[in-house]
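Notes follow once the structure below has been shown.
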Amino acid sequence: MDSGALNIKKWVVMYPVYMNSKKTVAEGRRISLSKACENPNCIEISDCCKHLKLPAAVEIDKAYPRDFMQVGRVRVQLKKEDGTFVNPAITSRKQLMQKIAELVPRHPERMKKQESQKVKKQEPQATTSTSGTSSKSGKGGKKKR
């Protein structure tokens with residue numbers, strides 16, 4: 001086995017929180033809100049790295065230290081062993097995060113989800129026009145004794 005290619009400990013770590021537009025800077029977002037994307041996941045980030053021709057490894061069992069409920073991270077190789085960049089267009093972590101955040105909304109899985117949600121939204125609109133109003137009304141609240 002080639003130890004140079006498999007030594008992912010020296011690769012850059014990317015948590016999905018770094019590019020999540022739903023998170024604040026205090027919660028871990030590292031790029032501007034205007035450039036961030038909504039709720040990226042490890043698979044999407046890994047696919048975007050492959051699209052950018054960067055080697056990436058997904059670590060599902062790892063959690064984000066500030067919020068241990070955020071599971072998964074991606075390790076990306078920015079530099080080769082000799083110090084040259086794998087992709088000369090991407091020379092820093094911040095550039096990588098911005099490129100990934102641009103690509104994630106156009107990910108094929110996201111496009112499928114958006115199309116299925118549009119279809120689901122159109123169906124209930126037709127059925128809700130025939131339904132009546134509920135019998136419950138006004139301020140309920142706790143009754144006094």
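Numbering of residues begins at 1 and proceeds along the displayed sequence. These values consider heavy atoms only, across backbone and side chains, with no hydrogens, waters or symmetry-generated copies.
- Put simply, the side chain of Trp11 does not reach to within 4.5 Å of the side chain of Val76, judged on heavy atoms.
- Here the side chains of Met97 and Arg30 are in contact, with some heavy-atom distance below 4.5 Å.
- Contact detail for Gly72 and Tyr15: the closest heavy-atom pair is O-CD2, 3.7 Å.
- Heavy-atom minimum distance, Pro105 versus Met111: O-SD, 3.8 Å.
- Note on Ile90: it clusters hydrophobically with Val13, by side-chain heavy-atom contacts below 4.5 Å among ILVMFWY residues.
- The only member of Ile100, Leu103, Leu96 that meets side-chain contact (heavy atoms from CB on, under 4.5 Å) when paired with Ile45 is Ile100.
- The OG1 atom of Thr84 sits 11.5 Å away from atom CG of Leu78, with the distance rounded to the nearest 0.5 Å.
- Residues Arg29 and Lys22 are not in side-chain contact: their nearest non-hydrogen atoms beyond the backbone lie 4.5 Å or more apart.
- Contact record, Ala26 with Arg66: O-NH1, 2.8 Å, taken as the closest heavy-atom pair.
- Using a 4.5 Å heavy-atom cutoff, the side chains of Pro16 and Tyr64 are not in contact.
- When every heavy atom of Leu52 is checked against every heavy atom of Asn87, the shortest pair comes out as O-ND2, 2.8 Å.
- Val71 and Ile43 fall into different hydrophobic clusters, defined by Ile, Leu, Val, Met, Phe, Trp and Tyr side-chain heavy atoms under 4.5 Å apart, directly or through other members.
- Between the side chain of Arg73 and the backbone N or O of Val58 there is no donor-acceptor pair closer than 3.5 Å.
- Between Val86 and Lys79 the shortest side-chain heavy-atom distance does not fall below 4.5 Å.
- Pairs engaging residues 39-56 under the salt bridge (Lys or Arg N to Asp or Glu O under 4.0 Å) rule: Glu44-Arg110 [sequence neighbours left out].
- Distance check: Cys49 SG to Met14 CE gives 7.0 Å after rounding to the nearest 0.5 Å.
- In this structure, Lys23 places its NZ atom where more than 12 heavy-atom neighbours from other residues, nucleotides or ligands lie under 6.0 Å away.
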* Decide side-chain contact (heavy atoms from CB on, under 4.5 Å) for Cys48 and Val104; before the verdict, give the C-alpha distance in whole Å, the side-chain angles of both, and the deciding distance to 0.1 Å. => CA-CA 7 Å; Cys48 291; Val104 166; 3.8 Å; yes
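- Between Arg93 atom CZ and Gln98 atom CD the span is 14.5 Å, to the nearest 0.5 Å.
- By the criterion of side-chain heavy atoms lying less than 4.5 angstrom apart, applied directly or through intervening Ile, Leu, Val, Met, Phe, Trp or Tyr residues, Leu33 is not grouped with Tyr18; the two fall into different hydrophobic clusters.
- Annotation: the span from Asp67 atom CG to Met69 atom CE amounts to 7.5 Å, rounded to 0.5 Å.
- A distance-only check finds a donor-acceptor pair linking the side chain of Glu27 to the backbone of Thr24 [under 3.5 Å].
- Gln77 has its side chain out of reach of Leu54: every pair of non-hydrogen atoms, C-beta onward, lies at least 4.5 Å apart.
- From His107, atom NE2 reaches atom NE2 of His51 across 10.5 Å, with rounding to the nearest 0.5 Å.
- Contact check for Glu59 versus Ile8: side-chain heavy atoms found under the 4.5 Å cut-off.
- If you take CG on Asn41 and CD on Gln70, they are separated by 11.0 Å, rounding to the nearest 0.5 Å.
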